[in-house]
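Every number for a ligand or one of its atoms is a count from 1 in the order of the listing. Positions are given from 1 along the sequence. Just so we're clear, the structure is a prediction, and the values are computed from it rather than from any experiment. Computed over heavy atoms, backbone and side chain alike; hydrogens, waters and symmetry mates excluded.
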Amino acid sequence: MLRYKVPATSANLGIGFDTLGIAFNIYDRFEVEKADRWQFSGFLEEHANVNNLFVKAYKKACAYKKDKAVPLKVELKADVPSSRGLGSSSCLIVGGIYAYSALNGNCLTKEEMLKIATSIEGHPDNVAPAIYGGLCVAGNDRVLRLKVSDKWHFGLWIPDYEVKTSEARKVLKDEIERKDAVSNISASLIAVDALTHFNKENIGIIMNDSIHEPYRRKLIKNFAKLKKLALDKGALAFIISGSGSTCLSISDRKLDINVKGIDYREVKVDGLGVRNGK
Ligand code: HSE
């Protein structure tokens, strides 16, 4: 029996659309073993079948190694909330690829896992931190893994409704203006430095996105009110996590947040990514 866990992730980090992501200490936990037919427990009813992302990713990993896809018995304990912008799909994708690798002598490198996972997800910003942990800059078939300063406090504002990534991508523009691209490039570089070096003066730049947040705010109920509350309570930044519906606050201290319909959780950065163990 193989036991392992995959961390939740928050993609984009405001200004890093489809390129930045960070792993947090909320996990989907898996127990898998080879079997004579596919068996699932702990999956949502509609996903307890061979069409789910776990199986798709597992089969892709088998095909990558030109290997036969032996069926598995899979038990999932999912703590990563679904369709909330916390990488629940990536957990299943990385979970499927890792199952194949770990059951077969750790035959895939992290780079290979990332390549397979990105080919399924379409963008690397959730799958990279789910595989490597920490803060990841990913794109152009490369990944840069960075350690976030442990002085930051990260707060997840998890609402009681879902936003589907497919819907949240439909509201985006296909083309962006040059001035917006330039602004996002400089902001993302400054933000990465602020995250890694605990630069309190610069962390707010993470909110200066012009590529996705302006179009997605309307999908988040009371976004402006929640942002104002977060900043009034002492947050230095407040952004949409991934494609929502969760938002992410960043502060230099613990925040006291109590909002009806929002599950506020302070989380720590997961520095390791997918790994064996409970
Ligand atoms: N970068 C992705 C997006 C993350 O914002 O659409 C969600 O999967």
Side-chain angles (χ1 to χ4, degrees), residues 6-24 26 28 47 52-54 56-57 78 80-97 113-132 134-144 154 156-159 161-176 180-181 183-185 187-188 191-192 195 206-220 223 237-248 267 270 273-274:
V6 188
T9 50
S10 180
N12 300 327
L13 292 165
I15 38 60
F17 179 69
D18 274 3
T19 58
L20 295 183
I22 192 168
F24 289 127
I26 300 175
D28 272 3
H47 295 145
N52 67 31
L53 277 174
F54 180 98
K56 185 176 177 184
V80 179
S82 182
S83 297
R84 296 294 202 289
L86 291 169
S88 58
S89 301
S90 297
C91 282
L92 292 177
I93 292 171
V94 172
I97 297 168
M113 286 190 219
L114 180 63
K115 193 171 157 189
I116 299 165
T118 305
S119 75
I120 298 167
E121 181 87 321
H123 40 85
D125 49 342
N126 281 113
V127 289
I131 292 168
Y132 291 89
L135 168 66
C136 291
V137 184
N140 296 288
D141 293 329
R142 265 152 237 205
V143 61
L144 176 64
F154 293 95
L156 298 179
W157 302 52
I158 308 172
Y161 60 91
E162 299 183 348
V163 168
K164 298 266 181 229
T165 298
S166 50
E167 296 303 314
R169 287 183 89 82
K170 281 186 198 153
V171 303
L172 305 182
K173 287 195 174 164
D174 288 332
E175 294 183 352
I176 54 168
D180 291 336
S183 167
N184 267 67
I185 291 167
S188 58
V192 165
L195 284 164
I206 210 165
M207 296 184 282
N208 283 13
D209 171 69
S210 319
I211 296 178
H212 71 111
E213 276 217 6
Y215 309 103
R216 285 177 166 170
R217 277 174 205 153
K218 59 177 183 252
L219 304 176
I220 313 291
F223 180 82
F238 185 84
I239 52 180
I240 300 172
S241 174
S243 55
S245 54
T246 295
C247 290
L248 173 70
V267 284
D270 174 284
V274 60

Could you measure the distance from the CG atom of N52 to the CG atom of L92? Nearest 0.5 Å is fine.
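The CG atom of L92 is 6.5 Å from CG of N52, to the nearest 0.5 Å.
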For atom 5 (O) of ligand 1, which of R216, E213, K164, R169 has the closest heavy atom?
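Residue with the shortest heavy-atom distance to the ligand atom: R216.
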Taking all non-hydrogen atoms of both residues, which atom of T9 and which atom of A130 are closest, and how far apart?
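So the two residues come closest at CG2-N, 3.5 Å.
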Close approach of H212 to ligand 1, heavy atoms, under 4.0 angstrom
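No, that is not the case, since the closest heavy atom of the residue is not under 4.0 Å from the ligand.
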Whether the S89 and E121 side chains hold a donor-acceptor pair (N or O, under 3.5 Å, no angle test) is what I'd like checked.
no
Using only heavy-atom distances, determine whether the side chains of S241 and T246 contain a donor-acceptor pair under 3.5 Å.
no
Give the atoms of ligand 1, by number and element, whose distance to some non-hydrogen atom of [X] is under 4.0 Å.
{"X": "D18", "value": "1 (N), 2 (C), 3 (C)"}
{"X": "N126", "value": "4 (C), 7 (C), 8 (O)"}
{"X": "D125", "value": "1 (N), 2 (C), 4 (C)"}

Does ligand 1 have a heavy atom under 4.0 Å from the side chain of T165, from its backbone, from both, or from neither?
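Only the side chain of T165 comes within reach of ligand 1.
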Return the orientation label for the F223 and F238 ring planes: parallel under 30°, perpendicular over 60°, tilted otherwise.
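Geometry flag for F238 against F223: tilted rings.
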